[in-house]
Amino acid sequence: MPETEELATGKNFAAVTTVLSGGRLQTQMIWVHVENGEIVLNTETHRAESAAR
């Protein structure tokens with residue numbers, strides 16, 4: 001959707017919620033941007049949080 005891409009263009013954050021194995025929800029604020037017409041969740045693979053997954 002053009003409106004969604006426009007919103008994600010520039011410096012923006014998104015709240016991403018995942019379900020943990022015990023059923024609890026975990027919400028993280030992460031950077032988002034548009035790359036080649038697709039919204040990309042900008043994760044840092046060198047961080048401990050990413051390495052544990």
Please enumerate all residues that pass side chain to side chain contact (heavy atoms under 4.5 Å, CB included) together with E38, with sequence neighbours excluded. none

Considering only Ile, Leu, Val, Met, Phe, Trp and Tyr, and joining two whenever side-chain heavy atoms are under 4.5 Å apart, list the other residues clustered with L25. V19

Linking I/L/V/M/F/W/Y whenever any side-chain heavy atoms sit under 4.5 Å apart, do V32 and V40 land together? no

Non-neighbouring partners of T27 that pass side-chain hydrogen bond (donor to acceptor under 3.5 Å, both in side chains), sequence neighbours left out: T17

